[in-house]
Amino acid sequence: MSELANLPGTGGRGHAIGRFVIYAVLILFAFYFLAPLGIMVSTSLKTLAETRTQSLISLPREISFDAWKTAWDSACIGVDCRGLAPYFKNSLLLVVPAVTISSLLGALNGFALTKFRFRGANVIFAMMLFGSFIPFQVVILPMAQTLGKLGLTGDNSTYGLIFVHIVYGLAFTTLFFRNYYVSVPDELVKAATIDGAGFFTIFWRIMLPISPPIIVVTVIWQFTQIWNDFLFGATFTSGPQQPLTVALNNLVNTSTGVKMYNVDMAGAIIAALPTLLVYIIAGKYFVRGLTAGSVKG
Amino acid sequence: MSSTELGTRPGGGMFAFVQRWISAIVVAPSFAASLFFVYGFILWTLYMSFSNSRMLPSYQFAGLDGYRKMIEASRFSVSFENLFIFGGLFIVVAMVLGCLLAVLLDQRIRAEGVLRTIYLYPMAISFIVTGVAWKWILTPDIGIERFMHEMGFANFRFDWIQDTDMVIYTLVIAAVWQASGFVMAMVLAALRGVDQEIIKAAYLDGASLPRIYLGIIIPSVRPVFVSAFVILMHLAVKSFDLVVALTNGGPGFQSSLPANFMYEMTFRRNQINVGSASAIFMLGIVIAIIVPYLYSELRERKR
């Protein structure tokens with residue numbers, strides 16, 4: 001900690017005023033960051049009638065959970081009035097295999113690239129890393145073509161989307177595990193090799209047991225990325241196969257009937273809740289992933 | 001970086017060879033995927049941008065036709081200009097706000113953990129959610145404007161989201177809200193890494209607090225500024241979802257960004273060559289940012 005405030009001689013009245021100003025500014029910004037969430041929650045608890053008689057920012061006069069229920073199981077997304085529940089399930093079914101497979105492959109890659117190095121391992125890593133920098137716009141058209149050729153469109157598009165998330169998640173997962181394993185002493189692996197343990201035995205018995213911190217970081221990162229993805233979901237899936245973010249956007253833009261702001265806001269919270277919960281429960285790991293994933297090694 | 005080059009260890013023999021082989025085999029599928037789905041697809045898009053592809057991909061070469069059409073499209077010049085306005089403002093405001101919050105939080109604040117959580121949570125949610133929330137907040141007849149009217153300020157106007165000249169700033173508002181906490185987290189982590197002994201010594205020498213910040217602390221967290229800057233720039237270039245959810249590019253295409261232009265041309269307007277040209281253009285911008293950054297990072301590390 002840089003404990004400037006702790007230095008001698010910074011006390012006194014000027015100091016107290018300074019502290020007050022600091023707290024005031026910090027609390028003011030806390031309001032700014034919380035306001036949209038507050039407005040979302042408060043609007044989602046209003047009745048439809050109330051959303052029309054006053055601005056969204058005013059507080060609800062009576063609490064109603066109707067909007068939540070509507071958003072969950074009966075709101076119309078285009079002509080399909082089944083609410084967001086089926087799309088929530090889509091996202092769940094998408095995120096579980098995509099996160100698991102991409103993280104596992106990342107761990108294996110990271111291990112292979114650091115502890116069983118072969119000639120050119122660094123070049124291969126650098127080349128793979130490039131995949132984490134590209135704007136995905138530069139690959140979506142060929143990917144759409146390829147998925148079409150593979151028959152991973154229409155009813156099969158969930159599989160296509162899982163595949164896409166694995167392929168473009170690999171650069172990140174490999175990066176995370178590689179950077180973690182680099183700092184693991186080589187002697188650990190050497191000793192096991194001398195004892196006759198093979199690649200997978202070492203990976204399973206030695207590396208994975210010391211990996212929980214980086215596994216948590218990687219899984220949280222991948223979960224957040226895939227759950228929040230819109231571009232891939234919108235491009236590669238259609239209709240009932242779409243993930244939650246795409247469905248939410250369609251829900252908000254469905255223009256038939258009365259505009260139900262309370263349902264929109266309830267839907268938005270439903271879409272945000274899983275990643276928000278992960279963030280609140282495991283914030284430390286979330287931040288670590290953000291910085292590691294962005295500083296890129 | 002020390003490593004076990006098992007394959008070259010003398011006397012390793014067959015066993016070591018298999019070991020080395022397994023390692024390469026394990027990485028091979030991922031590497032092949034990267035070669036094909038990243039590099040191959042970039043070349044594919046590059047080729048498309050030089051073709052006469054319209055509704056369907058065509059492999060007939062058409063030179064710079066796609067790029068010419070792209071540059072001539074007013075939708076593109078608006079998107080390009082928007083990227084500069086949006087990107088520039090978003091980066092500057094998020095950096096300033098993030099640094100301010102980090103420095104303030106670094107003053108032994110009581111509820112630091114809670115405040116940090118509050119500042120950073122928007123980073124955990126999707127741009128679509130952010131877009132939806134801010135869309136209704138910024139819409140005059142239900143959001144802030146109406147609220148101010150209800151409070152008695154009858155002449156209050158805040159209709160940027162419907163104003164062709166101002167709509168781009170609504171994107172800045174939402175994006176800054178989402179990303180400032182991230183800058184705060186990075187800068188705060190860096191501040192905590194500064195050597196306390198140097199600061200103490202400077203203080204005992206009579207240096208003032210601002211001087212300590214300007215002279216010692218800021219220079220030593222400089223690498224983090226550069227990283228944050230690069231990440232925000234990267235985020236700005238790739239921005240797509242936020243525009244879709246907040247303004248859908250409108251009114252007209254006044255709030256469109258290059259990523260939206262690309263999507264529109266490729267998947268909605270049957271101008272695959274123009275869409276591909278803009279994708280290549282976006283890649284060009286990202287490379288122009290990233291390559292010098294990586295180059296300097298690697299040089300720093302070798303030193």
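Just so we're on the same page: letters track the sequence lines, and every chain starts at 1.
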Chain A: which of [options] shares the most heavy-atom pairs with it under 4.5 Å?
options                      : answer
B:Ile285, B:Asp241, B:Leu105 : B:Asp241
B:Gln178, B:Met262, B:Glu150 : B:Glu150
B:Tyr39, B:Phe240, B:Tyr119  : B:Tyr119
B:Met48, B:Met151, B:Arg146  : B:Arg146
B:Pro29, B:Ser30, B:Ala33    : B:Ser30
B:Asn248, B:Leu97, B:Leu35   : B:Leu97

Heavy-atom closest contact ([X] atom, [Y] atom, distance):
X        : Y        : result
A:Ala112 : B:Val26  : CB-CG1, 4.4 Å
B:Phe267 : A:Thr235 : CZ-CG2, 3.5 Å
A:Thr224 : B:Ala124 : CG2-O, 3.7 Å
A:Asn249 : B:Ala245 : OD1-CA, 3.8 Å
A:Ile57  : B:Gly143 : CD1-C, 3.7 Å

Carefully, step by step, assess A:Tyr32 and B:Val176 under the rule side-chain contact (heavy atoms from CB on, under 4.5 Å).
CA-CA 11 Å; A:Tyr32 165 67; B:Val176 163; 4.1 Å; yes
Counting only non-hydrogen atoms closer than 4.5 Å, does [X] touch chain A with its backbone (N, CA, C, O), its side chain (CB onward), both, or neither?
X        : result
B:Leu100 : side chain
B:Ser276 : side chain
B:Thr266 : side chain
B:Leu283 : both
B:Val230 : neither

From [atom1] ([X]) to [atom2] ([Y]), nearest 0.5 Å:
X        : Y        : atom1 : atom2 : answer
B:Phe31  : A:Leu113 : CZ    : CG    : 10.0 Å
A:Leu141 : B:Asn273 : CG    : CG    : 10.5 Å
A:Phe230 : B:Ile128 : CZ    : CD1   : 4.0 Å
B:Glu145 : A:Ser55  : CD    : OG    : 11.0 Å

Check step by step if side-chain contact (heavy atoms from CB on, under 4.5 Å) holds for A:Phe29 and B:Leu104.
CA-CA 11 Å; A:Phe29 276 109; B:Leu104 293 183; 5.9 Å; no
Checking heavy atoms, do the side chain of [X], its backbone, both or neither come under 4.5 Å from chain B?
X        : result
A:Gln225 : neither
A:Tyr168 : side chain
A:Thr245 : both
A:Ile166 : neither
A:Val167 : side chain
A:Phe203 : neither
A:Lys284 : neither
A:Thr43  : neither
A:Met128 : both
A:Ile134 : both
A:Leu34  : both
A:Ala171 : neither
A:Phe200 : side chain

Contact between [X] and [Y] at the side-chain level, heavy atoms closer than 4.5 Å - yes or no?
X        : Y        : answer
B:Pro122 : A:Phe33  : yes
A:Leu231 : B:Tyr263 : yes
B:Leu120 : A:Tyr279 : yes
B:Val27  : A:Phe118 : yes
A:Met40  : B:Val129 : yes
B:Ile125 : A:Leu276 : yes
B:Phe281 : A:Gln137 : no
A:Tyr23  : B:Arg110 : yes

Backbone N or O of [Y] within a donor-acceptor pair of the [X] side chain at under 3.5 Å?
X        : Y        : result
A:Arg19  : B:Gln107 : yes
A:Tyr261 : B:Ile142 : no
B:Thr45  : A:Val138 : yes
A:Asn228 : B:Phe127 : no

When you look at B:Ser23 and A:Phe199, which way does the side-chain contact (heavy atoms from CB on, under 4.5 Å) test go after all the steps?
CA-CA 7 Å; B:Ser23 178; A:Phe199 180 91; 4.1 Å; yes
Using a cut-off of under 4.5 Å for heavy-atom pairs, which of [options] has the most such pairs with chain B?
options                              : answer
A:Val164, A:Leu37, A:Thr51, A:Val246 : A:Leu37
A:Ala268, A:Pro36, A:Ala234          : A:Pro36
A:Thr146, A:Val25, A:Asn253          : A:Thr146
A:Val252, A:Leu170, A:Ile124         : A:Ile124
A:Pro135, A:Ala30, A:Ala271          : A:Pro135

Step-by-step ring pair (Phe, Tyr, Trp, His ring centres under 6.0 Å) determination, A:Phe163 to B:Phe37
CA-CA 11 Å; A:Phe163 176 75; B:Phe37 294 108; 5.3 Å; yes
Could you walk me through whether B:Ser34 and A:Phe130 pass side-chain contact (heavy atoms from CB on, under 4.5 Å), step by step?
CA-CA 9 Å; B:Ser34 162; A:Phe130 181 68; over 6 Å; no
